[in-house]
Amino acid sequence: MTDLTLLGLGDMGAALARTWLAAGRSLTVWNRTPARAEPFGDAAVATAAEAVAASRLIVVCLLDDASVGAALADVDLTGKDVVNLTTSTPAQARARAEWARERGARFLDGGIMAVPPMIGGPEAYIFYSGFRELFDLHADVLAVPAGTKYVGEDPGYAALHDVALLCAMNGMFGGVAHAFALIRNEDIAPTAFAPLLADWLKAMADVAHLHADQLESGDYRKGVVSNLAMQVAGIPTLLDTTKDQGVSPELLTPYLSLMRRRLSEGHGDEDTVGIVDLLTQPKVPA
């Protein structure tokens, strides 16, 4: 038996495998395309079933949830501890946890907050959710390629944290793209502008803590520095400048429209965090 089995040797899977091997962990690997497994020599086996049989701890890092089902469709998982690092939705993770339980396995889901070159470095970490006992049992092994953050017994929570952060990242990237578009046709070097942009975004990032406090307390006026009415008053300047620079406003208008809608409902003295209420569908009791 080896310390663990890894199914999937794409860019991320290969990075994970290399860090475990470098740390002296015994490893069995499998990949649907055998050529990707060749660099791992004797650690590689021909079938997923062989790979699963070789270890108690099975780490899965495949393309998507459907790939997980296909790879393990006819594999005996009885008594195995399955850690799924495949990117999925919270609903898929919950369904996969039940799927594993029905097949006699324990399940832990993970969300990797890193790109492959970051694996093994200090900034990489992975969200985990599911059986706490299972996480604690394998914590030392799981901590080798990346830091670990356990986020709850609900197997969908790792994926939810992953996707929530990725959505925030994409929103930030949209803002960065719009800012560069505004200066694109001017005598302003992007490399000169970039440090100003990065520093500004870092300074603004702490608003996450303020908004979290406001949401938990239910007091959207708490700690307000620039209220919604003031923010909305500045919208024409943003849109007029965008138009004057020959830039499409399509990255801005969804968020600005929500600000205006929230103001029209009488929340001008609050912070912009009230937009969360416009986005959130009420949770239906079970």
Side-chain angles (χ1 to χ4, degrees), residues 11-12 63-64 87-92 111-118 123-127 149 157-215 220 224-265 267-268 270-281:
D11 291 344
M12 182 60 74
L63 176 63
D64 53 25
T87 301
S88 60
T89 69
Q92 287 172 334
I112 303 175
M113 301 310 299
V115 293
M118 293 170 63
E123 295 183 350
Y125 66 90
I126 301 175
F127 290 121
K149 295 182 185 292
Y157 276 9
L160 183 57
H161 280 71
D162 180 10
V163 172
L165 293 190
L166 291 176
C167 286
M169 178 193 75
N170 278 279
M172 182 188 71
F173 286 172
V176 168
H178 188 87
F180 277 123
L182 289 176
I183 69 162
R184 183 70 179 274
N185 293 324
E186 303 292 343
D187 189 19
I188 301 173
T191 51
F193 182 70
L196 303 174
L197 178 57
D199 288 347
W200 176 249
L201 292 175
K202 289 175 185 176
M204 292 298 100
D206 276 347
V207 76
H209 300 293
L210 173 61
H211 283 184
D213 188 25
Q214 292 166 336
L215 287 166
Y220 295 174
V224 173
V225 176
S226 179
N227 65 28
L228 180 62
M230 186 179 296
Q231 296 280 2
V232 171
I235 287 177
T237 300
L238 303 184
L239 293 178
D240 289 346
T241 302
T242 295
K243 180 180 178 181
D244 292 345
Q245 293 300 111
V247 173
S248 168
E250 59 195 294
L251 285 171
L252 289 182
T253 48
Y255 183 69
L256 300 183
S257 295
L258 286 166
M259 289 172 63
R260 283 173 163 160
R261 178 177 155 197
R262 182 71 176 172
L263 178 63
S264 72
E265 295 176 355
H267 301 281
E270 296 179 352
D271 211 327
T272 56
V273 71
I275 288 173
V276 173
D277 290 354
L278 298 181
L279 296 173
T280 307
Q281 298 294 323

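Only heavy atoms go into these numbers, but all of them, side chains included; no hydrogens, no water, no symmetry mates. All values reported here derive from a predicted model rather than from experimental measurement.
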Give every donor-acceptor pair under 3.5 Å between a side-chain atom in residues 171-197 and any protein atom, sequence neighbours left out.
{"unit_1": "H178", "atom_1": "NE2", "unit_2": "T242", "atom_2": "OG1", "d": "3.1"}
{"unit_1": "E186", "atom_1": "OE2", "unit_2": "Q245", "atom_2": "NE2", "d": "3.0"}

More than 12 heavy atoms from other groups under 6.0 Å of CD on E250: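 Count not over threshold, so no.
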
Heavy-atom distance under 4.5 Å between the side chains of [X] and [Y], does that happen here?
X: L263; Y: Q231; value: no
X: V224; Y: Q214; value: yes
X: Y220; Y: L215; value: yes
X: L210; Y: V273; value: no

Separation of [Y] [atom2] from [X] [atom1] (nearest 0.5 Å):
X: R261; Y: H267; atom1: CZ; atom2: NE2; value: 10.5 Å
X: I126; Y: K149; atom1: CD1; atom2: NZ; value: 11.5 Å
X: I235; Y: S257; atom1: CD1; atom2: OG; value: 8.0 Å
X: L252; Y: M259; atom1: CG; atom2: CE; value: 10.5 Å

Whether Y157 and H161 hold their rings parallel, tilted or perpendicular, with breakpoints at 30° and 60°: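 Tilted, since the angle between the ring planes falls between 30° and 60°.
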
Matching residue for H211 among D206, T272, I275 - test: side chain to side chain contact (heavy atoms under 4.5 Å, CB included):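 Of the listed options, the one satisfying the test is T272.
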
What are the two closest heavy atoms between [X] and [Y], and how far apart are they?
X: A114; Y: A124; result: CB-CB, 3.6 Å
X: A159; Y: S88; result: CB-O, 3.4 Å
X: P249; Y: L239; result: CB-CD2, 4.1 Å

Evaluation steps, side chain to side chain contact (heavy atoms under 4.5 Å, CB included), between Q92 and D64: CA-CA 10 Å; Q92 287 172 334; D64 53 25; over 6 Å; no

Donor-acceptor pair, side chain of N170 and main chain of L166, under 3.5 angstrom: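 Judged by distance alone, yes, a pair lies under 3.5 Å.
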
